[in-house]
Amino acid sequence: MTDRFKFRFWNKSKNRYVNTEKLVLNDGTYTQVGTKQMNNGTYCSYIVNEYNFSDIIQEQCTGLKDKNDKLIYEGDWLKTKDGYYCYVVWFEGFWWVKSLPSEAMDLEHAEFYKECEIVGNIHENADLLGEDK
């Protein structure tokens, strides 16, 4: 369950996920750091991008995997074996899957996710919500 402590970051202003390999929270900003090798063989770090904290949505990994062995993150859309769509949310200390219009099921105590497939996320596939972003 160490995957549960992985995160991904959606940039609201650019409408895309940020490469999180070297992302650091720093005084109200997320700083993306790169590393390059110098001529003398040593390495140095440099700032690739800086993002305002308010522009970033942080999404945590559930630690669970879908039927294709892909990690499930908060905000992912899942397609059930019955063809229904639901998305993953964190609510009151638990991971839940929420289907439309308002049914919710505790993901941590359900076995069904092993038969689900990730088909997108709530940012890039807002059409699955049946409403605009």
Side-chain angles (χ1 to χ4, degrees):
M1 281 296 239
T2 59
D3 291 328
R4 188 173 194 155
F5 299 105
K6 289 183 177 182
F7 292 88
R8 66 182 183 190
F9 299 86
W10 176 257
N11 185 326
K12 294 187 283 189
S13 62
K14 296 190 184 225
N15 286 325
R16 63 182 170 94
Y17 282 101
V18 174
N19 181 347
T20 60
E21 199 167 297
K22 303 259 179 147
L23 200 63
V24 179
L25 180 59
N26 182 21
D27 291 333
T29 63
Y30 284 103
T31 303
Q32 190 174 9
V33 180
T35 306
K36 64 181 175 182
Q37 187 173 14
M38 306 301 286
N39 290 337
N40 65 3
T42 62
Y43 290 87
C44 73
S45 296
Y46 63 97
I47 294 175
V48 176
N49 283 309
E50 286 191 317
Y51 305 98
N52 289 328
F53 187 74
S54 60
D55 284 340
I56 299 293
I57 298 173
Q58 179 177 302
E59 298 170 339
Q60 187 172 359
C61 182
T62 64
L64 304 170
K65 293 184 179 183
D66 74 352
K67 71 179 189 177
N68 298 316
D69 209 36
K70 289 178 62 177
L71 286 169
I72 300 171
Y73 281 81
E74 178 179 11
D76 276 344
W77 274 107
L78 304 176
K79 184 176 181 182
T80 68
K81 69 177 181 176
D82 299 326
Y84 295 104
Y85 293 94
C86 54
Y87 59 98
V88 180
V89 295
W90 177 257
F91 181 69
E92 294 186 355
F94 295 97
W95 291 110
W96 295 80
V97 288
K98 187 170 184 180
S99 60
L100 298 177
S102 63
E103 295 177 26
M105 183 177 1
D106 184 347
L107 185 63
E108 292 187 278
H109 297 103
E111 290 294 318
F112 91 100
Y113 66 89
K114 294 176 185 174
E115 296 177 344
C116 290
E117 179 178 18
I118 298 170
V119 293
N121 61 70
I122 60 173
H123 309 293
E124 296 169 318
N125 307 99
D127 54 322
L128 292 174
L129 280 169
E131 57 190 49
D132 293 330
K133 289 182 190 178

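Side-chain atoms of T62 come within 3.5 Å of backbone N or O of I72 as a donor-acceptor pair. At distances below 3.5 Å, at least one donor-acceptor pair connects side-chain atoms of D66 with backbone N or O atoms of I118. Judged by distance alone, with hydrogens and angles left aside, the side-chain atoms of N121 form a donor-acceptor pair with the main-chain N or O of E124 at under 3.5 Å.
Using a 4.5 Å heavy-atom cutoff, the side chains of H123 and N15 are not in contact.
Going from atom CG of L78 over to atom OH of Y85 covers 11.0 Å, rounded to the nearest 0.5 Å. Here the straight-line distance linking atom OG1 of T29 with atom CD1 of I56 works out to 10.0 Å at 0.5 Å rounding. The distance from atom OG1 of T31 to atom CD of E50, rounded to the nearest 0.5 Å, is 4.0 Å. Distance check, rounded to the nearest 0.5 Å: SG of C86 to CH2 of W77 gives 8.0 Å. Considering NZ of K67 and NZ of K79, their distance stands at 8.0 Å, rounded to 0.5 Å.
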request  = Evaluate the criterion side-chain contact (heavy atoms from CB on, under 4.5 Å) for residue pair Y30 and V18; output intermediate values, then yes/no.
outcome  = CA-CA 10 Å; Y30 284 103; V18 174; over 6 Å; no

ask   = Should Y17 and F9 be marked as a ring-ring contact (aromatic ring centres under 6.0 Å, His included) after you check the CA-CA gap, both sets of side-chain angles, and the distance that decides it?
value = CA-CA 6 Å; Y17 282 101; F9 299 86; 9.3 Å; no

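Judged by distance alone, the side chains of T42 and N40 do bring a donor and an acceptor atom under 3.5 Å apart.
Within the structure, salt bridge (charged side-chain N to carboxylate O under 4.0 Å, His left out) contacts touching residues 68-78 (residues at least two apart or in different chains) are R8-D76, K65-D69.
Hydrophobic clustering (side-chain heavy atoms under 4.5 Å, transitive across Ile, Leu, Val, Met, Phe, Trp, Tyr) keeps Y84 apart from V119.
The side chain to side chain contact (heavy atoms under 4.5 Å, CB included) check on K12 picks up W10, I57, with sequence neighbours excluded.
Other residues sharing a hydrophobic cluster with L71 under the 4.5 Å side-chain heavy-atom criterion for ILVMFWY residues are Y73.
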